[in-house]
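Any value given below was found using the heavy atoms of this structure, including those in side chains, with hydrogens, waters and symmetry copies removed. Read the numbers this way: they start at 1 and go in the same order the structure lists the ligands and their atoms. For reference, positions follow the sequence shown, starting with 1.
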Amino acid sequence: MATKKKTDTKDLFAEYPNLYKTSSNDEIEACMSFAEDYKAFLDISKTEREFVKNAIDACESVGFVDIETKKTLKPGDKVYSSIRGKGIVMAVIGKKNEGFNILGAHIDSPRLDLKPNPIYEEDETTYFKTHYYGGIKKYQWTTIPLAIHGCVFTKDGKAHEIVVGEKDDDPIFYITDLLPHLANEQMKKTPSDFISGEDLNVVIGGIPLKDSKKEDKKPFKANILKLLNDSYGISEKDFVSGEIEIVPAVKARDVGFDRAYIAAYGHDDKVCAYPALMALLEQERPNKTCVTMLTDKEEIGSYSNSGAQSVLYENFLMEVFAKQTGKTFDLLAYRKFIANSKMLSTDVSNAFDPKYANVSERNNTAYLSHGIKIEKYVGARGKSGTNEANGDFVADIIRIFEENSVSWQTGELGKVDAGGGGTISAYMAKHGMEVLDCGVPVWSMHAPYELISKIDLYSTYLAYKSFIENI
Ligand code: MN
Ligand code: MN
């Protein structure tokens, strides 16, 4: 009879400690310094276009080139492709031709977009009409400083970049709310009706055009149109093609006397996109080809040719495959290669908030500062609409995290039937690859100013790096 090793029952329990308790001083220092770089990148990358531009600058500075410039690819080559300027996909070619190791995040965030005819004047004030983008609580967008970021395309083929509201001496923009003194009726409404989508109108001016003629019925609007024309050479019709986003005019800031957390606009999902980018930029000659894809339009279903459902991302993977193998393109061989790929769908999730404890189930939720959150499935109403990761793949990921001292935790988005959500994982899993959702837990997700823990950001970066290097 074999002798049985005595097990301490303590070792049988799953424990996911607070990493600020268990990390060494050196680890905390590395985490704090990573957070500084993240905040700086985030402040200049509030929109998907800005993120792509800055990602291209960052990757070109370490030797990446546009894949179009390469006829063949060999181990160590670094290539990227811009997806219509609103998404980007990058690869570092590996030594083995055995499928890709992919990190995939999205770089669009909830916001207010301008309508095609946005400018109007009412009672001596000029406004922008907006159409909100993504899932927001509309009342949160009133009485906060707003900035305008975007691009207007004129008939001469020129793109005019517009960013107003970020510099200290810039004006900002504003959506009003009702004073409490007169809000008796408003306060009886449900929060979704505090302000309607049609009332998310942004104040952009209040001085009439000088010397405007008596018959000019819209002197206030005329003044704004003139200012816009003087500054950017645009006229009212140019807003039809323009892509202008209204975002909070706030910088990423440390939260707490101990600076444990960061509040910022757009953590969802740039807090995963940034470490996914950084993990890739560090690769020199990986075993397998490593890919980071940063997609657009996730917040509205990953449609459009810049969203994760677009074939443009797959075209890049196809091109890498073809140029890496150097043989005549073989569709079945490509499909098998893709099916042999492994991916982390790197998106944020909810963190347990003691103030709103009733939406989470304590044993199956993620906690701030307890590390990257693994989610085997997301979805809603009985796991509907989710990509559920395969158990053996989840076990592989956990093994790699633990072999590389990456602290992780797990949990669901919230309680069963409390609500739900989705990520880009389902669109990638249909190619046959293994995909797992895995990212940073967030407080006040989708608010204009969201909160994350610095140590979760750092653990996520270590997790993504260990994944692409070892899976
Ligand atoms: Mn997201
Ligand atoms: Mn989201």
Side-chain angles (χ1 to χ4, degrees), residues 38 42 45-48 51-52 55 86-88 102-113 132-138 140-141 245-248 252 262-277 292-304 306-309 313 343-351 353 356 359 366 368 372-380 385-387 389 411-414 418-429 435-453 456-457 460-461 463-464:
Y38 168 60
L42 195 54
S45 312
K46 286 191 175 179
T47 67
E48 55 282 1
F51 200 109
V52 167
K86 296 192 272 191
I88 184 170
I102 306 175
L103 297 168
H106 67 92
I107 50 177
D108 60 318
S109 301
R111 61 180 190 249
L112 308 178
D113 285 345
Y132 66 93
Y133 173 99
I136 60 165
K137 288 175 161 179
K138 294 187 267 288
Q140 292 180 330
W141 289 75
E245 306 178 10
I246 310 281
V247 298
I262 302 171
Y265 164 69
H267 280 316
D268 179 7
D269 180 34
K270 296 168 187 108
V271 74
C272 295
Y274 180 77
L277 172 65
T292 289
M293 55 185 278
L294 305 176
T295 73
D296 182 27
K297 298 285 187 287
E298 192 276 344
E299 296 294 357
I300 55 168
S302 296
Y303 303 109
S304 302
S306 53
Q309 300 202 53
Y313 295 93
M343 174 171 180
L344 290 184
S345 162
T346 60
D347 205 346
V348 298
S349 183
N350 180 47
D353 184 341
Y356 306 103
V359 300
L368 279 192
I372 186 169
K373 179 182 186 181
I374 291 178
E375 271 177 293
K376 192 168 180 292
Y377 50 85
V378 194
T386 192
N387 162 60
E412 297 189 326
L413 181 69
T423 66
I424 64 167
S425 56
Y427 310 121
M428 301 307 292
V435 188
L436 174 66
D437 280 296
C438 193
V440 176
V442 179
W443 270 352
S444 312
M445 205 169 114
H446 280 209
Y449 212 39
E450 307 170 306
L451 186 145
I452 59 106
S453 166
D456 292 334
L457 165 64
T460 295
Y461 157 71
Y464 293 170

Colleague: Side chains of His106 and Asp347: donor-acceptor distance under 3.5 Å anywhere?
Modeller: yes
Colleague: Tell me which one of Glu450, Lys270, Glu298 satisfies side chain to side chain donor-acceptor pair (under 3.5 Å) with Ser109.
Modeller: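 The side chain to side chain donor-acceptor pair (under 3.5 Å) with Ser109 is passed solely by Lys270 among Glu450, Lys270, Glu298.
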Colleague: Check ring-ring contact (aromatic ring centres under 6.0 Å, His included) between Tyr38 and all other residues, then give those that pass, not counting sequence neighbours.
Modeller: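 Here the qualifying residues are His267, Tyr274.
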Colleague: At distances under 2.8 Å, what protein N, O or S atoms surround the Mn ion (ligand 2)?
Modeller: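 Near the Mn ion (ligand 2), below 2.8 Å, one finds Asp268 OD2, Glu299 OE1, Glu299 OE2, His446 NE2.
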Colleague: Just jot down the side chain to side chain donor-acceptor pair (under 3.5 Å) partners of Ser425, sequence neighbours excluded, or say none.
Modeller: Thr423, Asp437
Colleague: Run the side-chain contact (heavy atoms from CB on, under 4.5 Å) test against Ser349 and tell me which residues pass, sequence neighbours left out.
Modeller: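 So Ser349 forms a side-chain contact (heavy atoms from CB on, under 4.5 Å) with Lys373, Glu375, Leu413.
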Colleague: Please say which of Arg111, Lys46, Lys86 ends up in a salt bridge (charged side-chain N to carboxylate O under 4.0 Å, His left out) with Glu245.
Modeller: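 Per the salt bridge (charged side-chain N to carboxylate O under 4.0 Å, His left out) rule, the option paired with Glu245 is Arg111, out of Arg111, Lys46, Lys86.
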